[in-house]
Amino acid sequence: MDPFSNFITGTVTLFSDPLGILIFFGGVVGGMLFGAIPGVSMLTLAAILLPFTAHLSAEHGIMLFSVIYCTGVYGGAITAILFNIPGAPENAPTAFDGYPMTRKGQAGKAVGAAVMCSAIGGTVSAIIMMAATAPIANWAISAFGPPEIFALVFFGLAVAATVGAKTLWKGWLSILLGLIIAVVGMDPVGGIERYDFNMPYLLAGIHFIPTILGFFAVSEIFVQAERKATGVYEAPKLSVNFPTLSELIAHKFAVFRSIVIGFFCGILPGIGATLAAFMGYNEAVRWSKDPSEFGKGKLEGVISSETANNAATGAAMIPLLALGLPGGALTAMMVGVFQMHDMEPGPLVFLNSPDLVWVVFAAMFFANLSILFVGFLETKTIINLLRIPFQFLAPLILLLATVGAYAVRGLVIDVVVMFIAGVAGFFLRRSGYSVAGIVLGLILGKIGEQTFAQAMQMLHFEWTGFYDRPIAAFLILAALLTVAGSIYSAFFKKERQ
Amino acid sequence: MGKLRLGHICEAAFWLVLATFLYVESFEFDRGIEIYKFGATGWPRALLLLLAVAAIGQFTYQFLAGDKSTSGTVGAASDDGAEEAARQSGHSDFRWYVTTFCLLAVPFLYMRAHDLTGIFLTLDKEGVHTVKLVAAPLLLAVYLFLARGNQVGAILTLPLFFAALLEDLGFYAMAPLFIVGITLLMGERRARWIALTVALIMGFLLLIFVSLLYVGLPTGNISPFYDLSHLLVTLLQ
């Protein structure tokens with residue numbers, strides 16, 4: 001069947017199942033709400049829900065996460081605009097101009113632009129994803145073996161090292177810490193236990209759900225608690241004056257440019273949407289006739305960043321579904337959902353579970369469209385929930401995280417690990433390290449080591465074997481150039497303030 | 001000293017000590033694998049080498065440029081507000097770190113209380129429970145003493161203390177106390193609002209997770225906390 005017929009089938013399947021409809025709307029509202037609550041993000045919701053997806057079908061579980069992904073990326077813009085707290089790293093550039101707009105009393109205009117541009121970027125991306133993922137998956141079956149996947153992981157990590165941390169070195173230290181945490185447990189070839197310190201718990205490795213909950217949700221609560229304790233936590237000024245149509249049309253070129261940037265960045269396994277948002281914003285500054293206006297409350301800054309990060313959501317599904325490689329923290333959790341249902345994301349999903357794929361695609365398309373309607377409604381209504389004082393919100397979030405971490409395996413030690421990760425995340429973040437990098441290292445570490453071992457066995461332990469395979473050679477070369485380029489920039493270019 | 005601060009030296013020392021410690025530990029599993037010539041240590045040792053290189057690179061950069069961001073990175077971590085919060089709070093002096101790490105040690109002392117007592121006494125199961133029941137209020141007093149004047153350190157430690165107590169005293173007894181503790185530490189003093197928060201959060205969690213989703217939360221293993229938790233679960237399910 002052609003993609004359009006598949007899309008229709010997926011849509012009918014999605015909306016003919018009452019539980020599916022409930023999960024879809026739950027994901028839409030939940031993603032937006034958690035994205036919009038200061039101190040938590042879509043990742044918090046996803047991490048809390050992850051253990052419970054074991055009780056859902058694989059189709060419903062993945063669909064729920066993909067919907068949360070689309071709406072959560074938009075939801076994170078609200079906290080970025082209103083509180084200068086990006087809901088997720090991909091919303092960070094939105095705050096550059098969004099927060100100054102709030103201070104100027106133009107919060108509604110900034111949020112309105114985020115609603116429109118997130119919906120446009122996400123919907124276009126979903127359409128391209130539907131057309132492109134299956135051909136890429138078919139090609140990937142024959143073209144991507146362990147050497148290529150290892151090379152792709154290496155490239156993804158090389159790019160990720162330049163995103164999110166204060167310096168390149170801290171980016172690499174964050175990723176390497178994640179990779180080392182992933183080493184704990186059995187080695188993937190011989191099953192030899194490593195770094196277990198004679199603790200049976202560590203034999204199975206450190207579970208990524210408590211770690212993700214700790215590094216993202218708990219550390220965020222601690223950061224906000226520090227602001228609250230020191231009296232620098234500010235309530236936002238609220239306004240609901242949306243941007244006019246002419247204002248948005250005037251930025252059509254910025255929207256188009258950001259869709260292209262967002263989609264191509266999103267395909268990278270690493271921190272696709274984050275890179276997309278920063279690249280979108282950076283290009284807006286670079287193409288502007290008056291770059292000095294950026295950072296002072298320019299609407300184009302919000303438009304470029306929000307279009308690009310939502311354009312990356314559809315693209316991020318391509319490496320996940322076609323190659324089994326997560327593009328960021330949330331898609332990494334989707335790998336967890338697949339694994340809970342004894343499935344591995346990758347090209348075979350298209351052959352074995354086409355229904356799942358097309359229900360997810362249809363859900364992502366409609367989730368992006370729903371941002372337009374629910375988002376405007378949310379701007380006028382749900383936004384008022386932000387008035388709930390943080391001291392009442394924090395214990396709820398911490399206890400939800402506790403339940404989420406405990407429910408994974410029924411082990412209290414997972415809760416302890418989560419809070420240790422939260423404290424570690426708090427100290428690492430305030431020192432300029434990237435918690436997203438640590439989590440990516442943790443997730444990609446296992447895939448990386450396994451594919452490296454398989455590749456070396458395939459290539460008879462000849463390192464030059466990588467260069468006999470064009471795709472692997474290209475990716476490794478690209479990764480090495482990325483590393484060399486970033487080291488050059490770090491040492492020889494003028495420092496950013 | 002270039003543009004180095006004490007914090008930079010501590011940071012570099014932390015990474016290098018971590019890399020060295022893990023390298024030494026890797027000899028514990030330094031065994032060959034017949035089909036894989038790099039063995040179980042090849043991958044982790046390569047990572048540790050890179051970790052040491054990155055730590056030295058970071059140290060050199062800090063020596064030359066201090067706390068500036070590099071131009072090769074996209075979206076510095078300072079953008080997420082954590083660094084800004086740390087700067088504004090003034091919680092970056094050596095004394096604050098020492099008191100905070102002392103506070104953070106308290107939950108771990110509780111977790112190992114029976115081992116420490118076991119050095120002097122032979123403990124059976126009942127003995128371990130007794131030690132835990134005595135250690136919990138004693139260490140709570142130590143926590144309250146150390147927490148004076150270090151609100152952020154207290155907030156960081158309380159969840160860990162709560163997690164440490166979960167195994168023995170259970171979620172149902174500890175969660176309400178935890179909510180009260182966190183709300184108080186966040187600056188809330190109105191008793192009615194705190195009571196309402198406890199009621200709403202506990203009601204929400206018990207209804208959704210225990211009654212609807214049948215999630216088994218920790219019940220503890222020391223009487224009467226264990227009995228109380230079981231009674232509550234029976235009533236809710």
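In what follows, chains carry the letters A, B, and so on, assigned in the order in which the sequence lines appear, proteins first and then strands, with residues in each chain numbered from 1.
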Inset, instruction - Please determine, among A/Arg194, A/Met186, A/Met456, the option with the most heavy-atom pairs under 4.5 Å with chain B. - result: A/Arg194
Legend entry - Validation row, ring centre A/Phe461 to ring centre B/Phe38 under 6.0 Å: yes
Inset, instruction - Side chain from CB out, backbone as N, CA, C, O: work out which of these in B/Phe108 comes under 4.5 Å of a heavy atom of chain A, or both, or neither. - result: side chain
Legend entry - Those residues of residues 15-25 of chain B, ordered by number, that approach chain A below 4.5 Å (heavy atom to heavy atom): B/Trp15, B/Leu18, B/Phe21, B/Leu22, B/Tyr23, B/Glu25
Legend entry - Residue among B/Gly7, B/Gly32, B/Pro44, B/Pro107 with most heavy-atom pairs under 4.5 Å to chain A: B/Pro44
Inset, instruction - State which residues pass salt bridge (Lys or Arg N to Asp or Glu O under 4.0 Å) with A/Lys446; sequence neighbours excluded, sorted by chain then number. - result: none
Inset, instruction - Starting at CD1 of A/Ile413, measure out to CG of B/Leu166 and round the result to the nearest 0.5 Å. - result: 11.5 Å
Legend entry - Heavy-atom proximity to chain B below 4.5 Å, by part of A/Phe427: side chain
Inset, instruction - Measure across A/Arg430 and B/Trp96 and return the closest heavy-atom pair with its distance rounded to 0.1 Å. - result: NH1-CZ3, 3.7 Å
Inset, instruction - Pull out the residues in residues 185-192 of chain B that come under 4.5 Å of chain A, heavy atom to heavy atom, sorted by number. - result: B/Met186, B/Glu188, B/Arg190
Inset, instruction - Please test A/Thr402 against B/Leu217 for side chain to side chain contact (heavy atoms under 4.5 Å, CB included), starting from the C-alpha separation and ending with a verdict. - result: CA-CA 10 Å; A/Thr402 301; B/Leu217 297 171; over 6 Å; no
Inset, instruction - Check whether any side-chain heavy atom of A/Val218 sits under 4.5 Å from a side-chain heavy atom of B/Pro159, and report yes or no. - result: no
Legend entry - Main-chain N/O of A/Ile192 paired to B/Arg31 side chain as donor or acceptor, under 3.5 Å: no
Inset, instruction - For residues B/Phe171 and A/Val403, determine if any side-chain heavy atom of one lies less than 4.5 Å from a side-chain heavy atom of the other. - result: yes
Inset, instruction - Using the salt bridge (Lys or Arg N to Asp or Glu O under 4.0 Å) rule, collect all pairs that involve residues 405-423 of chain A, keeping only residues at least two apart or in two chains. - result: A/Arg409-A/Asp414
Legend entry - Residue B/Phe59 versus chain A: region with a heavy atom under 4.5 Å: neither
Legend entry - Options B/Glu28, B/Glu167, B/Met111, ranked by heavy-atom pairs under 4.5 Å with chain A, top entry: B/Glu167
Inset, instruction - Give, as side chain, backbone, both or neither, the part of B/Thr100 having an atom under 4.5 angstrom from any heavy atom of chain A. - result: side chain
Legend entry - Minimum-distance pair of heavy atoms, taken over all atoms of A/Glu193 and B/Phe29: O-CB, 3.4 Å
Legend entry - Donor-acceptor contact present, side-chain A/Gln457 to main-chain B/Ile35, <3.5 Å: yes
Inset, instruction - Working to the nearest 0.5 Å, report the span between CG of B/Leu51 and CD1 of A/Ile175. - result: 12.0 Å
Legend entry - Pairwise distance CG(B/Leu200) to CZ(A/Phe392) - rounded to 0.5 angstrom: 10.0 Å
Legend entry - Contact class of B/Thr183 relative to chain A, heavy atoms under 4.5 angstrom: both
Legend entry - Shortest non-hydrogen contact between B/Ala55 and A/Leu173, atoms and distance: N-CD2, 3.7 Å
Legend entry - Region of A/Val416 that comes under 4.5 Å of a non-hydrogen atom in chain B: both
Legend entry - Stepwise side chain to side chain contact (heavy atoms under 4.5 Å, CB included) test for B/Phe209 and A/Leu400: CA-CA 10 Å; B/Phe209 294 107; A/Leu400 279 172; 3.6 Å; yes
Inset, instruction - Over all heavy atoms of both residues, which pair between B/Trp43 and A/Gly448 is shortest? Give the atoms and the distance, please. - result: CH2-C, 3.8 Å
Inset, instruction - Might you point out which heavy atoms bring A/Leu176 and B/Ala54 nearest each other, and give the distance in Å? - result: CD1-CB, 4.2 Å
Legend entry - Aromatic centroids of A/Phe452 and B/Tyr36 separated by under 6.0 Å: no
Inset, instruction - Report the option among B/Leu184, B/Ile155, B/Thr157 that has the most heavy-atom pairs separated by less than 4.5 Å from atoms of chain A. - result: B/Ile155
Legend entry - Residue B/Glu34 versus chain A: region with a heavy atom under 4.5 Å: neither
Legend entry - Side chain, backbone, both or neither of A/Ile420 within contact of chain B (heavy atoms, under 4.5 Å): both
Inset, instruction - Find the one option among A/Gly422, A/Gly191, A/Pro188, A/Ala453 whose heavy-atom pairs under 4.5 Å with chain B are most numerous. - result: A/Ala453
Inset, instruction - Mind checking the CG-CD spacing from B/Leu47 to A/Glu449? Nearest 0.5 Å is all I need. - result: 7.5 Å
Legend entry - Partner chain A: residue of B/Leu156, B/Thr60, B/Ile182 with the largest heavy-atom pair count (under 4.5 Å): B/Leu156
Inset, instruction - Scan side-chain atoms only and decide if A/Ser431 and B/Glu11 contain a donor-acceptor pair under the 3.5 Å cut-off. - result: no
Legend entry - Nearest atoms (heavy-atom pairs only) where A/Leu399 meets B/Phe178: CD2-CD2, 3.7 Å
